Amino acid sequence: MFGFNLNSAIFVATRQQEMQVKEAVVNPKFIEVFTTKQGAIYQCDSENCWYIDFAGKLARFDYRCLLRLNKAINSVDIEKRLMDAKSPDMEIIFICACDDTYVLTLPQIIAFKELLQGTFVMLELNHIIYNRLYRTAV
């Protein structure tokens, strides 16, 4: 036989609501910008930043650092690395003024390039659509 106490059930429900409110304040709302099988990039308007979920970690970047990361990833010459037997199969990606460092293999670099390129294509597409709609409305 099971007993049920209404007062404790109300307390539990109230406690869960408080936890959800705190969680909503602590965990801001992410807007998915682009996703692949290897990772995802999210935009957070409340913090004016970007979150990258890649290589087993979630890293926070402002827009300048995201541009620097994109430049660093795109500067890796994968074809040269694959053709040169003496070059290492890993790359350390460190961006000045950013807290995160990535140690990536060549397949991970290729996947990261895909993720970043897709993100910037989506941002450009969003900008084009916004301009067309705004120009039409005005």
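Being a predicted model, the structure only gives us computed values, none of them experimental.
Remark: the Glu124 side chain and the Asn126 side chain contain no N/O donor-acceptor pair separated by less than 3.5 Å.
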>> Pair Ile73, Leu104 - check side-chain contact (heavy atoms from CB on, under 4.5 Å), show working.
In response: CA-CA 10 Å; Ile73 292 290; Leu104 303 171; 4.1 Å; yes
> Run the side-chain contact (heavy atoms from CB on, under 4.5 Å) check on Ile41 and Met122 step by step: do they pass?
Replying inline: CA-CA 11 Å; Ile41 296 185; Met122 289 297 116; over 6 Å; no
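Heavy atoms from other residues, nucleotides or ligands lying under 6.0 Å from CD1 of Ile92 number 12 at most. Heavy atoms of other residues, nucleotides or ligands lying less than 6.0 angstrom from NZ of Lys57 number more than 12.
The closest side-chain heavy-atom distance from Ile109 to Thr105 is not below 4.5 Å. Looking only at side-chain heavy atoms (C-beta outward), Val33 and Phe120 stay at 4.5 Å or farther from each other. In this structure the side chain of Ile52 never reaches within 4.5 angstrom of the side chain of Leu58, judged on heavy atoms. You'll find the side chain of Lys113 reaches within 4.5 Å of the side chain of Ile78, heavy atoms only. At a threshold of 4.5 Å between non-hydrogen side-chain atoms, the residues Gln38 and Leu115 do not count as touching. Residues Leu116 and Leu66 are in side-chain contact: their nearest non-hydrogen atoms beyond the backbone lie under 4.5 Å apart. Looking only at side-chain heavy atoms (C-beta outward), Glu47 and Arg60 come within less than 4.5 Å of each other. Taking the side chain as every heavy atom from C-beta outward, Asp100 and Phe61 approach each other to under 4.5 Å.
Contact detail for Cys65 and Ala97: the closest heavy-atom pair is SG-O, 3.7 Å. Taking every heavy atom of both residues into account, Gln108 and Phe54 meet most closely at O-CZ, 3.4 Å.
Distance check: Cys44 SG to Ile31 CD1 gives 8.0 Å after rounding to the nearest 0.5 Å. Distance OG/Ser87 to CG/Asp89: 6.5 Å, rounded to 0.5 Å. Taking CD of Glu79 as the start and CG of Asp84 as the end, the distance is 12.0 Å to the nearest 0.5 Å. Considering CZ of Phe34 and CD of Glu114, their distance stands at 6.0 Å, rounded to 0.5 Å. How far CG of Asn131 is from CD1 of Ile128: 8.0 Å, rounded to the nearest 0.5 Å. If you take NZ on Lys29 and OG on Ser46, they are separated by 10.0 Å, rounding to the nearest 0.5 Å.
Using a 4.0 Å cut-off between charged nitrogen and carboxylate oxygen, Asp62 and Arg64 count as a salt-bridge pair.
Between Tyr42 and Tyr51, the gap from one ring centroid to the other reaches at least 6.0 Å. Close placement of the Phe112 and Tyr102 rings is indicated, their centers lying within 6.0 Å of each other.
Cluster membership check: Ile93 does not share its hydrophobic cluster with Val103, using side-chain heavy-atom separations under 4.5 Å among Ile, Leu, Val, Met, Phe, Trp and Tyr. In the hydrophobic cluster analysis, where Ile, Leu, Val, Met, Phe, Trp and Tyr join through side-chain heavy atoms closer than 4.5 angstrom, Val76 is grouped apart from Met90.
Judged by distance alone, the side chain of Arg81 and the main-chain N or O of Leu106 form no donor-acceptor pair under 3.5 Å.
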